[in-house]
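If you're wondering where the values come from, they're calculated on a predicted model, not measured in any experiment.
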Amino acid sequence: MFEKRKKEEKKSGRQDSKKGKKVKKRKEEYVELRGLLGVGKDYHVYHMTPADYLISWGIGIGAGTIVLFAFFNNLIVALLGGIVCGKIIPKYYCEYRRKKQSDELRTQFKDLLEALTSSYSAGQNTVEAFNDATSDMVSIYGEGTDIVREVQIICTGLNNNINIEQLLLDFARRSGLDDAMSFANVFEVCNRQGGDLKRIVAETREIINDKIEIEMEIETMLSGSKNELNIMMVMPVIIVIMLKGLGTSMAGTNTPATIIVKIICIGIFVLAYGMGRKITDIKI
């Protein structure tokens with residue numbers, strides 16, 4: 001009886017350890033941040049709209065079909081490959097939209113700091129400064145934009161007796177912007193220790209403006225290289241089409257050897273494009 005109990009305990013221990021391993025293998029789902037008021041937006045994620053899906057599917061199916069038909073000269077293979085590309089592209093298009101959303105928010109945040117600087121220079125307190133900044137952001141970007149929504153959330157929190165430090169830190173966490181987090185930390189220290197908010201906000205705005213200008217200059221310098229990279233990715237397709245027009249046999253035939261060569265070439269092009277995008281993606 002004692003040996004049976006030992007065996008049963010060993011079996012149960014093994015089962016528990018297996019269950020534990022299975023639980024560890026499961027990926028934790030990301031929980032979106034909704035802010036102190038529960039109505040905030042998490043800028044770490046981007047929710048695709050039906051229009052976004054249609055655009056990404058169209059790009060994936062169209063580009064995949066054209067490239068594969070140019071290389072393999074087979075409409076069925078091209079359509080099947082286009083459908084596969086249409087399923088893959090939305091993931092990358094979503095990341096592109098998320099990054100664009102973050103860049104737009106950073107530019108809007110810079111304008112918000114300028115509005116706050118002028119309000120503090122006029123001798124207004126924090127509540128009045130953010131109320132005036134709301135109207136300024138509406139006049140610049142219009143209703144419903146991200147920065148207008150965020151400033152409105154801050155004003156609502158101030159009216160509900162929530163500390164401005166908590167509201168700014170909450171916005172910085174949800175935005176994912178290093179500049180916003182730096183401003184929130186500086187503002188928190190300055191506000192608690194009774195510092196000169198006018199000077200602190202103005203100096204922070206200048207530092208962030210300089211950083212954004214440097215990033216924009218780097219982006220301008222790299223724009224030519226990015227365009228060249230995109231052109232180089234299109235050139236192989238154009239060359240293959242030209243070779244077909246000239247009657248070159250290897251470009252139009254699909255023997256086992258040519259198929260392997262074409263697949264390897266497409267893989268090299270995709271790998272080179274991915275490496276080129278990483279090289280040209282410079283962050284400060």
Side-chain angles (χ1 to χ4, degrees), residues 30 43-49 51-74 77-107 110 175-179 208 210-246 248 250-252 254 257-284:
Y30 178 76
Y43 297 91
H44 295 93
V45 296
Y46 178 81
H47 297 286
M48 296 271 283
T49 62
D52 292 329
Y53 279 110
L54 289 175
I55 293 171
S56 59
W57 287 337
I59 294 172
I61 294 173
T65 302
I66 292 171
V67 172
L68 292 177
F69 185 76
F71 274 86
F72 297 100
N73 201 24
N74 190 313
V77 173
L79 289 174
L80 291 175
I83 292 171
V84 173
C85 292
K87 291 183 177 180
I88 296 173
I89 291 298
K91 175 184 176 181
Y92 297 97
Y93 186 77
C94 180
E95 180 62 23
Y96 162 75
R97 292 290 297 171
R98 186 199 66 78
K99 186 178 179 181
K100 186 178 180 181
Q101 172 184 258
S102 179
D103 292 339
E104 290 176 352
L105 181 64
R106 182 182 59 181
T107 304
K110 181 191 73 171
S175 68
L177 299 175
D178 295 335
D179 299 329
I208 292 175
D210 292 341
K211 180 183 176 183
I212 292 174
E213 287 177 2
I214 293 171
E215 289 178 349
M216 292 176 67
E217 288 179 2
I218 293 174
E219 189 69 22
T220 303
M221 293 171 62
L222 293 175
S223 60
S225 300
K226 290 181 179 180
N227 292 331
E228 291 175 1
L229 180 63
N230 295 329
I231 293 170
M232 291 302 295
M233 285 302 298
V234 178
M235 286 303 297
V237 180
I238 298 174
I239 292 171
V240 170
I241 294 173
M242 291 176 63
L243 290 175
K244 285 183 179 180
L246 295 173
T248 305
M250 185 176 178
N254 287 324
T258 56
I259 290 174
I260 293 172
V261 171
K262 290 175 182 178
I263 292 173
I264 293 173
C265 290
I266 292 173
I268 292 173
F269 292 145
V270 173
L271 180 62
Y273 182 75
M275 293 176 63
R277 294 294 297 180
K278 287 184 178 180
I279 292 171
T280 55
D281 187 15
I282 299 176
K283 296 179 180 179
I284 299 179

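In terms of heavy-atom proximity, Tyr53 sits nearest to Met48 at CE1-CB, 3.3 Å. In this structure, Ser56 and Pro90 approach most closely via the heavy-atom pair OG-CG, 3.5 Å.
Leu79 places none of its side-chain heavy atoms less than 4.5 Å from the side chain of Leu68. Side-chain contact between Gln101 and Leu105: absent, with no pair of heavy atoms (C-beta onward) separated by less than 4.5 Å. Put simply, the side chain of Phe72 reaches to within 4.5 Å of the side chain of Ile263, judged on heavy atoms. Between Ile238 and Met235, the closest side-chain pair of non-hydrogen atoms falls below 4.5 Å. Counting heavy atoms from C-beta outward, Tyr273 and Asn230 have side chains that approach closer than 4.5 Å. The shortest distance between side-chain heavy atoms of Leu177 and Tyr43 does not fall below 4.5 Å.
Asn74 contributes atom CG, which lies 9.0 Å from atom CG of Leu80 (distance to the nearest 0.5 angstrom). Taking OH of Tyr93 as the start and CD1 of Ile59 as the end, the distance is 6.0 Å to the nearest 0.5 Å. Note: Asp178 CG to Arg106 CZ = 10.0 Å, rounded to the nearest 0.5 Å. To the nearest 0.5 angstrom, Ile264 atom CD1 is 12.0 Å from Ile259 atom CD1. Taking NZ of Lys87 as the start and CH2 of Trp57 as the end, the distance is 10.5 Å to the nearest 0.5 Å. A distance of 12.0 Å separates CD1 of Ile66 from CD1 of Ile61, quoted to the nearest 0.5 Å.
Here the side chain of Thr65 pairs no donor or acceptor atom with the backbone of Gly62 at under 3.5 angstrom. Between the side chain of Asp103 and the main chain of Lys100, no donor-acceptor pair closer than 3.5 Å is present. A donor-acceptor pair under 3.5 Å is absent between the side-chain atoms of Ser102 and the main chain of Arg98, judged by distance alone.
Salt bridge status for Lys211 with Asp179: present, with a side-chain N to carboxylate O gap under 4.0 Å.
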- Verify side-chain contact (heavy atoms from CB on, under 4.5 Å) between Val45 and His47, making sure each step is shown before the conclusion. CA-CA 7 Å; Val45 296; His47 297 286; 4.1 Å; yes

